[in-house]
Structures are given as C-alpha cells and as structure tokens.
Number of protein chains: 4
Amino acid sequence: MGRIAGSDGARTAAAIRRAGLRLIHRRGYEAMGLRELAAEVGIRPASLYNHIGSKQELLFDLIHEHMAALLASATAALEEAPPRAPARLRAFVLHHVAYHLGRKAEVFVANFELRALEPPGYERIVAQRRAYEAMLVALLEQGVEEGAFRIPDSRVAAYAILAMLTGTCTWYRPDGRLSRAQVAAIHAAMVLRSCGYAEGGEE
Amino acid sequence: MGRIAGSDGARTAAAIRRAGLRLIHRRGYEAMGLRELAAEVGIRPASLYNHIGSKQELLFDLIHEHMAALLASATAALEEAPPRAPARLRAFVLHHVAYHLGRKAEVFVANFELRALEPPGYERIVAQRRAYEAMLVALLEQGVEEGAFRIPDSRVAAYAILAMLTGTCTWYRPDGRLSRAQVAAIHAAMVLRSCGYAEGGEE
Amino acid sequence: MGRIAGSDGARTAAAIRRAGLRLIHRRGYEAMGLRELAAEVGIRPASLYNHIGSKQELLFDLIHEHMAALLASATAALEEAPPRAPARLRAFVLHHVAYHLGRKAEVFVANFELRALEPPGYERIVAQRRAYEAMLVALLEQGVEEGAFRIPDSRVAAYAILAMLTGTCTWYRPDGRLSRAQVAAIHAAMVLRSCGYAEGGEE
Amino acid sequence: MGRIAGSDGARTAAAIRRAGLRLIHRRGYEAMGLRELAAEVGIRPASLYNHIGSKQELLFDLIHEHMAALLASATAALEEAPPRAPARLRAFVLHHVAYHLGRKAEVFVANFELRALEPPGYERIVAQRRAYEAMLVALLEQGVEEGAFRIPDSRVAAYAILAMLTGTCTWYRPDGRLSRAQVAAIHAAMVLRSCGYAEGGEE
DNA sequence: CATGAATGAGATTTCATTCAT
DNA sequence: TATGAATGAAATCTCATTCAT
C-alpha cells in the first residue's frame, strides 16, 4: 500500500512511457489496455495515474515529443549541410531515413495513431507535421530555383518523398541484410533521381 | 421481431459491408463498435449476426476482397500493356495510383488495420500483399535486365515505390486542385526517374 | 448468454425500479452501486443497461414519476373537496400526509436526492415542486381572503407547513402506535390552528 | 522561518473542517472526494491524514460538534426564559430558528448525512438528537399540564414542530426579503397557535 | 430475418487510504 | 507536517456475442 522500497517516480514514469510506446506500436492505441500497460511496467492499473493524466494524454505526449525531437534533429542536420539544394536534399533524406529506422515504434505511433488523438492535441501535432513537411517543400523549391530539380508540383513531390522514406519503417529489420546507412543511401539516390537530378557526371 | 416487409437480406449484407468499411476507415477497427455499425445500417446489433460471422470476419472479408480485386485489376492492366519494362512500369504506376485514389477507404483499411487481423486470416492477406509486391519486383528486375533501370536493390526499390504511391491516399482530395490522372502522371514520372530511367529524349 | 427462459423485459424493468428506489432510499444515490442494484434484481450489472439509460436517468425517472403522481393525486383530492378554504386545507393536509406516509421511499428520494440530479433533469423536478407548492400557497391566500386564516406571509407559511407534513416520513413507522389516518388528523388540526383558524365554534 | 510550531497545523485542521463542511453541504458526503477537499484546503490528499482520522471521522466530528453546540445553546436559551410554558416555547422556537438559519451548512449535514454515519458514531448522534427532541417534548407536556396547550400527542407534535422549524433552512436566503428574526417570529406564532395557544388578547 | 434480453469480460478511471521519505 | 507513490476495491459503463422468441 505504501511506497515500495526503492521505487522511484521518475523511473516509473519513464517505464510507463517506454512500455506504452511499445504496446501502442504492437497492438494499437485502442487495442492496448491500461491493465496490460500496468502489468508490463510492474505496477497496478491505479498507480498509472500517479504518472499520467489519462491514456489519451500519454498518447499525445508520446507523439508530441517524437515530433519535437524530429523537428529539432532535422533542423540541426540541415544547418550542417552545404548550401546547394541537391546536397541539402541528400542530407535531409539520409537524416530522415536513419532517424526513422532507429525509432520505428515512435514513427508508427506518430503516423498511425494520429486519428486516435482528440481535438485539443490533434491540431498541435498536425501543426508539427506541417512544419516538417514545409522544410522539405522549401528544399524542393530551392532546387527548382537553382535549376537542379525538375518537379511539376513541389507539394505533391514532398508528400510522395516522405511517404516513400517513412515507408521504410514498415519493412526494415535491424537484423536484416542491409544497414540503416545502406537503406538511407539507396533512398537518397532514388529521391534525387525522382527529382530529376542526375548525380555525379552521369547525365 | 420478424422480417420487415420489403427487407432484403442481400441488400442488408451489402449495407453492412459498406457502412463497416466507412466506419473502420473513419474510426479504426478497434474503435468502431458494432452498435454503431448496426445503427448506421438501421438494424439492431443482434441482427448483424445474420449477415456476418463476427467483427473480425467482417474485417477480413473487407480486406480480402479489396486485395483480390486489386490483384485482378493490376494483372489485367499489365496484360494490356506493351512488353518493355518502362512502359509496363508506367502502366503499373498509373493503374495503382488511379485505382487507389478511387478506393481510399479500402486502402486505408487494408493497410492500417492489417495488425487487427488475427492469425488465420492475417497470413492470407499477407500472402496477397506479397503477390502484389512480387508483380512490381518482377517488373523492376525485367527493367534491369533490359538495361533500362539502374536499381541497387529491387526489393527495397519496390517497397519504396509502393510506399510512395500508396501514400497518395493520405493527402489526396477528390475535390482538390489535381485530378486522379494528374496525380498518377506525376508519380509515374517520379517513379521512372527514381529507377534511373530518363524519359523524353533518352528513350 | 441468451435469454433465460421465462425472463420478461417489462418485469425486469419494474424490478430494477423497485429495487433502485429501495436502495437509493436506504443508502443514498451516490452510495448505491450498480453492482448492488443488479444483485438485488438478480441479474448481472451489464444487463441493467437493457432497461435503463444510466444511473442518473434511473434517478430522474423515479423522482419524476413520483412528483407527477403526487401532483395528479393532490389535484384530484382538491377537486373533490368543498369550496371553502379551511375544508380544502384540511383535505390537502389529509391527502398529503396519507399519500406521503404510504410512499416513504419515494418521498425521501424525491426530497433528499434532488441535489444528485444533473441540470437537464434538475430543473424539471424543481418546476414540479414549485407547482405543488403553488397549490398550497393559493389555498392559504384563499383562506386569508375569506377571512378564515391569519397568515403574515403565505409563502413562508406554505414552506413551514410542507416541511412539517413531509417530516412525518422521517419518524413514522407503519407498525407503530398510530395509523396513517391518525397522524394525518393530528397534523390537520395543527396546521389549521397554525393558520389561526379555530375549528368548530372555537371550541 | 520563525513560524510558531503548531500554529500552522491548527490552522490547517480548521481549514479542513471548514472546507469539509462546505463541500459536504454542497455535494453530499459520498459525492465529496478527499482529493477535492485537499485541493480546497491547498494541500495534497495524503496530508489530510495528519489532521483527520478518516473521512468518516471528519463527518462524525462535524455533526457531533454541531449537535453539542446546539444542545448547549438551546439549554442556555431556556435557562434564561421565563418559567411558563408558552413563553418558554416561544424562546425555544426563536432560538432554534435563529440558530439554524445562521448555520445552514451544519444543519444540512447533521440532518441529511446522518445515514452516512457508520454504527459507532451513528448511535451517539442519534442520542444527541433524542436529547434535543426531549427538551421540546418536555416543554410541550409542561404546557399541557399548565392547561396552556391542547396537544393530542406531544411526541408527534414535537416532531412536527421540529420538522417545520428546521425546514426553514431549505428555503431561507440571508439576502432575501425577511430577516432571520422575522422568520423566527412568524414561526413562533405558527407554532404556538398549532399548540392551541391563542396569543395576545384572544386567551 | 430481426430482435430484446442477457452476459462475461473488460474498458478507463476514481476512491479512500497507507507509508517511506 | 507534508508529500509522492502505491494500492485494493470499486466506480459506471461498453464490448462483442448468444439465444429464445
């Protein structure tokens, strides 16, 4: 009934988030029960509420933090990249793929459980997604201005590229035949070509 | 209690499938309640079981039929296409995009609710997906053999292409600025280029 | 799982209302659990919802029906009464006391659980209470006009009288020393005197 | 920081009782949560237990103290009153009404939440209530012996009078048209008349 | 074919309370 | 004295499903 010797609030909270992410990834937000989550963490269901406001709030926090980290990380990656669009696009793709393949659970949750978010939080996440998409759109338009890319519709192209890149999470296995870097490189090449950019002296 | 005059079993069954598809699309399989479905159809929950075996079976049927129709339709599209790989890939892409954009609900359900399928049916659907993917993989390898495509890994490329194409369903709006054919054409161009095939003067 | 042979919806619904009334009376609305109610009725908690919309709705229905019956019954009693105010007031009191003592549970619930009603229903019950109070206020004012009663404030007097009369429910025991009619008669005399009406020839 | 040891604790305990009384009055004992109470006081729920034994004990204390104060106050009022029954009854009524109208929350809690008291404490409060009722019964019987009152059943009359007087708490508003003294006077007149005592020159 | 009624299981969340710190 | 964390129990209510009618 009282505090178990050695228990630690911060550790429990982190365990809840970790287990919650894994369970939502594996079974879906609706399908995951809080009994299940509590059992995974090693506490009783009622104790969850010492650390989360509600199931919905847990979902929001998980997605929100992932998106915030993604935005920050992508921004940093672009800041370090060279100024010309093709190199920047390559940097963006390499970063996106490597980052996503290292966070499959977060990516699934952030993409497939968006619809489970209720209005107050839903809009905030959508705004974050828009900001991320805007980074790529701007990049593509820069390339078009530079004359490096041939793209009929930069918004459509951005969506197509993001879908392609994020799709890696559905089939990639860390213990498979390809490393994350290899997958990233393959996609970088495909993306640049899909934008009409002929790499190296090939053209 | 009895049958309402003029009611028609087949029509009711079809209505259930239609409403089920829409509701699963809108809210997710787990989140859709059978009460909700029954209400949408205009019958009582218990009556659903005169037309479906179970909620799980309804989901399987919906996905299975979609996949079967997709396979048949894609096969037919390729049969009508010219023999060389670039033209066939173009035909495949145009068909995939147009077909998917006309069936957004089915596509969402078949892709995002796969995890809600239980083992007996799950494997069957996965087999169908593999068969569809195999069509594209074969096509890409044909192009490589013909010397028309430069692709480091045809399986990875197939996944990347399918993710890009299917991703259209997440943002396309029928009443938007682009027609389905336009979106299909944009993607056909991107896909062919991403395979290292230079359109226009190179062909 | 299916319908138990001999089960009857109307009978179950009535049993729920009867048991609900008794339990709310005995333990209070908040303190009564739906498990308890279901057990009393002989069904499982989930089955309650085939007959009630919610716990709150059950409470409202119980109170609403009691108030409606009380209003109708009191109106009928006054219609049969002679025209002069003292006789009418006597009739009102006799009716009120006899009616209330025969329905102690309903009276308790309608008076003490009013605060548990949520806004939509709360106002409707308050309106019914006001209508009932208005009957007595009108009666007292009629008596004042006739010169039979001496009352400084008819609204205060009405509240005082109703409190006195309804209070009988808190101590009356059907198996006690006094019959309902005797209690009613005692209160009729007290009420009439409290209004300054000297019975008979002032005795 | 210079705080006098204990002064904070006593203040906190008093704040808990004050807030507890208000919350139980407003929402009922069962409906009031200790989280709510703690929030009102500005501490965490666990800290409540440094000041109260349990929720049940808090309820008992609140009621017990109210009843003790009421008994003491009424006893004092009667000690100062003249010896004859009518004057004493008038004094009792004036005191009861004025005292109650100044303590509506305590009165509600002591009357409507009695049923929430568990056996050990319940009996003690009931004994206090009996003692208070006995004061009035004795007074009425004194009046009958003096020939001043005509009462068929002094116990029933006592209950009726107390119900009437205490009922004032349900409708009286301090900012309304009548002062507490006026309400008390109106009721004193009604009570005396209801006992068959004709005031002023009527006798 | 449709349905009312019933149900076991479980949903998320709150309850009062405890206890080590 | 105050509190964060934990808990058993229970809260109301929904779930998919069944079956006699």
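Order of the sequence lines fixes the chain letters, A, B, ..., with proteins taken first and strands second; residue numbering starts at 1 for each chain.
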### Message
Nearest whole Å is fine: how far is E/dT13 P from A/K55 NZ?
### Response
8 Å
### Message
Return whichever of A/G33 or B/A10 has its heavy-atom-nearest nucleotide of DNA chain E closer to the 5' end.
### Response
B/A10
### Task
Please report, rounded to the nearest Å, how far the C1' atom of F/dT12 is from the CE atom of C/M32.
11 Å
### Query
For D/Y49 and F/dG4, what is the distance between atoms OH and C1' respectively, to the nearest whole Å?
16 Å
### Message
Which nucleotide wins on minimum distance to the side chain of B/S47, given the candidates E/dT3, E/dT13, F/dC13?
### Response
E/dT3
### Query
So how far is it from D/R115 CZ to D/N111 CG, rounded to the nearest 0.5 Å?
12.0 Å
### Query
So which one's nearest nucleotide on DNA chain F is more toward 5', D/A46 or A/I43?
D/A46
### Task
Apply the test salt bridge (Lys or Arg N to Asp or Glu O under 4.0 Å) to residues D/R129 and D/E123: give CA-CA distance (whole Å), side-chain angles for both, the deciding distance (0.1 Å), then the verdict.
CA-CA 10 Å; D/R129 288 177 65 101; D/E123 277 83 17; over 6 Å; no
#### Entry: Nucleotide E/dC15, atom C1' - distance to CG of D/L58 in whole Å
16 Å
### Most 5' of B/Y29 and A/H51 on DNA chain F, judged by nearest nucleotide
A/H51
### Parallel, tilted or perpendicular: ring planes of B/H64 versus B/F60, cut at 30 and 60 degrees
parallel
### Task
Return the value, rounded to whole Å, for the distance between atom CG of A/L34 and atom C1' of F/dC13.
15 Å
### Query
Do any pairs count as a salt bridge (charged side-chain N to carboxylate O under 4.0 Å, His left out) and have a residue in residues 38-57 of chain A, sequence neighbours left out, and if so which ones?
A/R22-A/E40
### Query
To the nearest angstrom, how far is B/E36 atom CD from F/dC13 atom P?
19 Å
## Note on the structure
pair_partner(E/dA2), Watson-Crick or wobble, both distances < 3.5 Å, evaluates to F/dT21
### Message
So if I take every side-chain heavy atom of C/R44 and compare against F/dC13, E/dT7, F/dT7, which nucleotide ends up nearest?
### Response
E/dT7
